[in-house]
Q: 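Here it is, the structure, as structure tokens.
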Amino acid sequence: IDVSNFELLNVADTCSLWNVLASRLLSATATEAGVQLCSTNFVLYECLHKPGQLRPERAELQSRLRQKLASGSIKSHSIDIEDLQDVEVLRNRKRISNGELSVIVFARKTHQAVLTDDIKAQKLARSELAASMTQSTPHLFAWLYFHGRLNDSDKDTVVSELEVLGRRLQPHFDTFHAEAQRCRVTAK
């Protein structure tokens, strides 16, 4: 992963939306850096309406997502009938959710990057889009760090904010942070 580059226009799946929104610092810094997130109605259904145990963490993330949708800082898009056929073709190739599949199809159609933290979805997205158009939340953090928008202590803050809301990404953040540090040193 090239931590010096990050596509600014992203179609996010459920997991990556939750991960970005779980850290107020990461979300605000990404927005300030020009990163834009959108998603599909499939993903919004998974986030806001799909039955499941209503835990305080989920309720907080849903509240944050509703605020972003209301302000227009995150937009939701439907996909067309022909897009649904693509979703069906992809579903037969990999066992991932309709939300993740819809994100890949919509990103391909609109020439945007996919933001996903699911390993299977990343693999499928890389086969459907250019590898540089498949991104993750730890990659976003590393890019912001590489360009000096976040610092070393911010990693602990972001990881802590994520953990408070049940999002456990510390090993991934550690790996990407180390790579961003290495790249910063070699870039000088």
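Numbering of residues begins at 1 and proceeds along the displayed sequence.
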Q: Can any side-chain N or O of His77 pair as donor or acceptor with the backbone N or O of Val11 at less than 3.5 Å?
A: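 It does not hold such a pair.
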Q: Can you give me the closest heavy-atom contact between Val3 and Ala180, atom names plus distance?
A: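 Shortest heavy-atom separation between Val3 and Ala180 comes out as CG2-CA, 3.8 Å.
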Q: Between Ile79 and Leu101, is there a shared hydrophobic cluster once you connect ILVMFWY residues whose side-chain heavy atoms come closer than 4.5 Å?
A: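 Shared cluster, yes.
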Q: Which heavy-atom pair separates Asp117 from Pro138 by the least distance, and what is that distance?
A: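 In terms of heavy atoms, the two residues are closest at OD1-CD, 3.7 Å.
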Q: Quick check for you: to the nearest 0.5 Å, what is the distance between Ser76 atom OG and Leu37 atom CG?
A: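 One finds 12.5 Å between OG of Ser76 and CG of Leu37.
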Q: List the steps and the verdict of side chain to side chain donor-acceptor pair (under 3.5 Å) for Asp152 and His177.
A: CA-CA 8 Å; Asp152 289 316; His177 179 250; 2.8 Å; yes
Q: Rounded to the nearest 0.5 Å, what separates atom NZ in Lys68 from atom OG in Ser63?
A: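 The NZ atom of Lys68 sits 11.5 Å away from the OG atom of Ser63.
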Q: Quick check for you: to the nearest 0.5 Å, what is the distance between Thr175 atom OG1 and Gln170 atom CD?
A: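 So the OG1 of Thr175 and the CD of Gln170 are separated by 10.0 Å.
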Q: Using modelled atom types and a 3.5 Å cut-off, is there a donor and acceptor pairing between side-chain atoms of Arg184 and backbone atoms of Tyr145?
A: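 Looks like yes, one N/O pair under 3.5 Å.
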Q: Can you find a heavy atom in the side chain of Ile104 that is under 4.5 Å from one in the side chain of Leu124?
A: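 Yes - at least one pair of side-chain heavy atoms lies under 4.5 Å apart.
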Q: Does any part of the side chain of Asp156, heavy atoms only, come nearer than 4.5 Å to the side chain of Ser160, both counted from C-beta?
A: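 Counting from C-beta outward, Ser160 and Asp156 never come under 4.5 Å.
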Q: Leu144, Phe146: one ILVMFWY side-chain cluster at the under-4.5 Å cut-off?
A: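 No: no chain of side-chain contacts under 4.5 Å links Leu144 to Phe146.
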Q: Roughly how far apart are Asp174 CG and Glu179 CD, rounded to 0.5 Å?
A: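 Here the interatomic distance stands at 13.5 Å.
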Q: Compare all side-chain heavy atoms of Asn10 with those of Gln112 and state whether any distance is below 4.5 angstrom.
A: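 Side chain of Asn10 against side chain of Gln112, heavy atoms only: no contact under 4.5 Å found.
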Q: Compare every heavy atom of Glu7 with every heavy atom of Ala113, then report the nearest pair and how far apart it is.
A: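 Reported closest heavy-atom pair: CB-CB, 3.7 Å.
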Q: Decide whether Leu115 and Leu165 are clustered together by the hydrophobic rule: side chain heavy atoms of Ile, Leu, Val, Met, Phe, Trp, Tyr closer than 4.5 Å, transitively.
A: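 Per the 4.5 Å side-chain linkage, Leu115 and Leu165 are co-clustered.
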Q: Donor-acceptor pair, distance only, cut-off 3.5 Å: does the side chain of Glu100 make one with the backbone of Ser97?
A: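 Yes, because the side chain of Glu100 sits within donor-acceptor range (under 3.5 Å) of the backbone of Ser97.
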Q: Looking at Cys47, is its backbone amide N or carbonyl O close enough to the side chain of Gln62 to form a donor-acceptor pair, meaning the two atoms are under 3.5 Å apart?
A: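 Present.
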Q: Consider only side-chain heavy atoms of I, L, V, M, F, W and Y, link residues closer than 4.5 Å, and tell whether Met133 and Leu9 are in one cluster.
A: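 Looking at the clustering, Leu9 is in a separate group from Met133.
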Q: Would you say the side-chain atoms of Ser23 pair up with the backbone N or O of Val20, donor to acceptor, closer than 3.5 Å?
A: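 Such a contact is absent between Ser23 side chain and Val20 backbone.
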Q: Could you tell me whether a side-chain N or O of Asp154 sits under 3.5 Å from a main-chain N or O of Asn151, the two making a donor and an acceptor?
A: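 Yes; at least one donor-acceptor contact below 3.5 Å.
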Q: Does Arg24 offer a backbone N or O that forms a donor-acceptor pair with the side chain of Glu161 under 3.5 Å?
A: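 Checking the backbone N and O of Arg24 against the side chain of Glu161, a donor-acceptor pair under 3.5 Å is found.
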Q: Evaluate the side-chain proximity of Val185 to Gln181: yes if any heavy-atom separation is below 4.5 Å, no if none is.
A: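 No; the side chains remain at least 4.5 Å from each other.
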Q: Side chains of Leu169 and His172: does their closest heavy-atom pair fall under 4.5 Å?
A: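 Heavy-atom side-chain distance check passes, below 4.5 Å.
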Q: Is the shortest heavy-atom distance from the side chain of Trp18 to the side chain of Leu65 under 4.5 Å?
A: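 Of all side-chain heavy-atom pairs linking Leu65 with Trp18, at least one is under 4.5 Å.
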Q: Short question: side chain of Thr110, backbone of Phe106 - any donor-acceptor pair under 3.5 Å?
A: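 Yes: the side chain of Thr110 pairs with the backbone of Phe106.
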Q: Search all heavy atoms of Leu150 against all heavy atoms of Thr29 and return the closest pair with its distance.
A: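 For Leu150 and Thr29, the tightest heavy-atom pair comes out as CD2-OG1, 3.6 Å.
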Q: Begin with the C-alpha distance, continue with both residues' side-chain angles, and end with the deciding distance and a verdict on ring-ring contact (aromatic ring centres under 6.0 Å, His included) for Trp143 and His147.
A: CA-CA 6 Å; Trp143 174 73; His147 289 286; 5.6 Å; yes
Q: In Å and rounded to the nearest 0.5 Å, what is the CD1 to OG distance from Ile74 to Ser39?
A: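 Reported to 0.5 Å precision, the distance equals 8.0 Å.
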Q: By the definition side-chain contact (heavy atoms from CB on, under 4.5 Å), identify the one residue from Thr116, Ile119, Asp118 that meets it with Ile96.
A: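 Exactly one pass, corresponding to Asp118.
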Q: If the test is ring pair (Phe, Tyr, Trp, His ring centres under 6.0 Å), which one of Phe6, Phe173, Phe176 qualifies with Phe141?
A: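 With Phe141 as partner, ring pair (Phe, Tyr, Trp, His ring centres under 6.0 Å) holds for just one option, Phe173.
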Q: So, do Leu61 and Arg167 sit near enough that their side-chain heavy atoms are less than 4.5 Å apart?
A: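 The answer is yes, as the side chains (C-beta and beyond) meet within the 4.5 Å cut-off.
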Q: Does a donor on one side chain sit under 3.5 Å from an acceptor on the other, for Asp13 and Ser16?
A: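 Side-chain D/A pair, Asp13 to Ser16: present.
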Q: May I ask you to check whether Glu46 and Thr14 show a side-chain donor-acceptor distance below 3.5 Å?
A: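 The criterion, which ignores hydrogens and geometry beyond distance, is satisfied for Thr14 and Glu46.
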Q: Show, in sequence, the C-alpha distance, side-chain angles and deciding distance for Leu69 and Leu44, and conclude whether the side chain to side chain contact (heavy atoms under 4.5 Å, CB included) test is met.
A: CA-CA 10 Å; Leu69 291 166; Leu44 286 193; 4.0 Å; yes
Q: Can you tell if the side chain of Lys123 reaches within under 4.5 Å of the side chain of Ser127, non-hydrogen atoms only?
A: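 When only atoms from C-beta onward are counted, Ser127 and Lys123 do not touch, as no gap falls below 4.5 Å.
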Q: Do Glu60 and Arg64 pass the salt bridge (Lys or Arg N to Asp or Glu O under 4.0 Å) test, and can you show the C-alpha distance, the side-chain angles, and the key distance before you say yes or no?
A: CA-CA 6 Å; Glu60 176 61 25; Arg64 291 181 188 186; 2.8 Å; yes
Q: Can you tell me which residue among Val35, Thr137, Thr31 is in a side-chain contact (heavy atoms from CB on, under 4.5 Å) with Leu26?
A: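 With Leu26 as partner, side-chain contact (heavy atoms from CB on, under 4.5 Å) holds for just one option, Thr137.
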Q: Atom CG in Asn41, atom CG in Asn98: separation rounded to 0.5 Å?
A: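 Nearest 0.5 Å value for the CG-CG distance: 13.0 Å.
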Q: Under a single-linkage definition using a 4.5 Å side-chain heavy-atom cutoff for Ile, Leu, Val, Met, Phe, Trp and Tyr, are Leu8 and Leu21 assigned to the same hydrophobic cluster?
A: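 Cluster IDs for Leu8 and Leu21 match.
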